[in-house]
Protein chains: 2
Amino acid sequence: MTKSGVTIGAAAARSGCTPATIRFYEEGGLLPTIDRSVGGRRVYRRAEIFRLVFIRRCRDLGFPLEQVRALLDVMDGKGSCGAARSLVQAQIDSVRAKRAEMEALEQTLSGLAASCTDVCARGDVDDCTMMKDFAAAQADLGP
Amino acid sequence: MTKSGVTIGAAAARSGCTPATIRFYEEGGLLPTIDRSVGGRRVYRRAEIFRLVFIRRCRDLGFPLEQVRALLDVMDGKGSCGAARSLVQAQIDSVRAKRAEMEALEQTLSGLAASCTDVCARGDVDDCTMMKDFAAAQADLGP
DNA sequence: TCTCCCACCTCAAGTTACTTGAGGAGCAAG
DNA sequence: CTTGCTCCTCAAGTAACTTGAGGTGGGAGA
């Protein structure tokens, strides 16, 4: 039962990151310095892979790397639970705002497409109501 | 009634872009070559400002510049209405997918925050259920 | 054992859509 | 005529990676 380690490829497969991304994270200090094999290859153990999965999950949840760094600090005991909670709350707010924006976009775009589908019989640009609607939202341009 | 033109600052104010962004668009070919005053300053007229507003609106709707370019081609008569329609449809799909993703994120994050708020009395990391939950989603890491 | 090829290594540059900064010049007001 | 704002160009910086060039290592098949 030696501390068996795996190559960057295996770590990538297990964490859902690409090898290049993993190296990038290491360079950015999100991972500790990784041990190397005799041949100079990186050797990943459980703890590192866990950390990679954690990072990956945070990224999936939309956290920017800087905040992932802060969350890792919390995980490492270098920060308070409250700090993590407020990061998460901020992220919730941000996601909620983005979701609302997406809903509005979906509405607007659907409207554009619908007007086109209804009115434009052929593919003639001059008659395309959609392009007109695109422009219609454009308020006064001044003199 | 000469063709009165405005400076880049005024064009920026009217279009909602910044001067730097406008120059960037010009360099990227989204705008035609802009006339210059005697002193070498860019002079914007109605058509250009209209174009800027159009670009701005497309960007607000989430279109990447490459697709904005395609939509501008349509507006310029260099593309079919059908082409524009399929771009818009693709954008709708993309926005819809993103919105769904945002909803899921909101759920997940809210769950994390709630578990923390319920259980964690103080700001002690060791007791923070949230950080545990972050980790909990992490499946088997292999040997 | 030899050879092959894939996975790995480093370093540099490219991507998107801009933003920021340095260094210099026009232009209108006081 | 001097201030100070806006403008000019060119270069570099940003997030979060990805891609590519050029070179090494190591396990598998012949």
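Every chain is numbered from 1 and lettered A, B, ... according to where its sequence line falls, protein lines coming before strand lines. Hydrogens, waters and symmetry mates are skipped; everything else that's a heavy atom, side chains included, is used.
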According to a strict under-4.0 Å criterion, is B/Arg42 in side-chain N/O contact with OP1 or OP2 of D/dT9? yes
Going by an N to O cut-off under 4.0 Å, is there a salt bridge joining A/Asp60 and A/Arg56? yes
Describe the nucleic acid contact of B/Thr18 in one word from base, sugar-phosphate, nothing, applying a heavy-atom distance below 4.0 Å. sugar-phosphate
Look at the side-chain N and O atoms of A/Tyr25 and state whether any lies under 4.0 Å from the OP1 or OP2 oxygen of D/dC17. yes
Can you measure B/Phe24 atom CZ to C/dT19 atom P for me and round it to whole angstrom units? 9 Å
May I ask you to say whether A/Arg23 pairs ionically with A/Glu27, meaning some side-chain N is under 4.0 Å from a carboxylate O? no
Nearest-angstrom distance from the residue atom CD of B/Glu27 to P of D/dT9: 10 Å
A/Leu65 and A/Phe24: CA distance, side-chain angles, deciding distance, side-chain contact (heavy atoms from CB on, under 4.5 Å) verdict: CA-CA 11 Å; A/Leu65 279 192; A/Phe24 173 77; 3.8 Å; yes
Spacing of B/Leu65 atom CG relative to C/dC18 atom P, expressed in whole Å: 5 Å
Assess whether a salt bridge exists between A/Arg42 and A/Glu48, defined as any Lys/Arg side-chain N lying under 4.0 Å from an Asp/Glu carboxylate O. no
To the nearest Å, give me how far apart CZ (A/Arg41) and P (D/dG26) are. 6 Å
Calculate the interatomic distance between B/Ile8 atom CD1 and C/dC18 atom C1'; express it in whole Å. 14 Å
Just to be sure I understand the rule, does A/Pro64 reach a base, reach only the sugar-phosphate, or reach nothing, if contact means heavy atoms closer than 4.0 Å? sugar-phosphate
Between A/Glu66 (CD) and D/dT14 (P), how many Å, whole number? 12 Å
Just N and O in the side chain of B/Thr7: are any of them under 4.0 Å from OP1 or OP2 of D/dC7? yes
Would one find a side-chain N or O of B/Arg59 under 4.0 angstrom from OP1 or OP2 of C/dC18? yes
Within the distance-only criterion (no hydrogens, no angle test), does the side chain of A/Gln67 pair as donor or acceptor with the backbone N or O of A/Pro64 below 3.5 angstrom? no
Please report, rounded to the nearest Å, how far the C1' atom of C/dC8 is from the CD1 atom of A/Ile34. 15 Å
Mapping A/Ala20 and A/Val38 to their closest nucleotides on DNA chain D, which lands nearer the 5' end? A/Ala20
Are OP1 or OP2 of D/dG25 and a side-chain N or O of A/Ser37 less than 4.0 angstrom apart? no
Nearest whole Å is fine: how far is C/dC9 C1' from A/Arg23 CZ? 7 Å
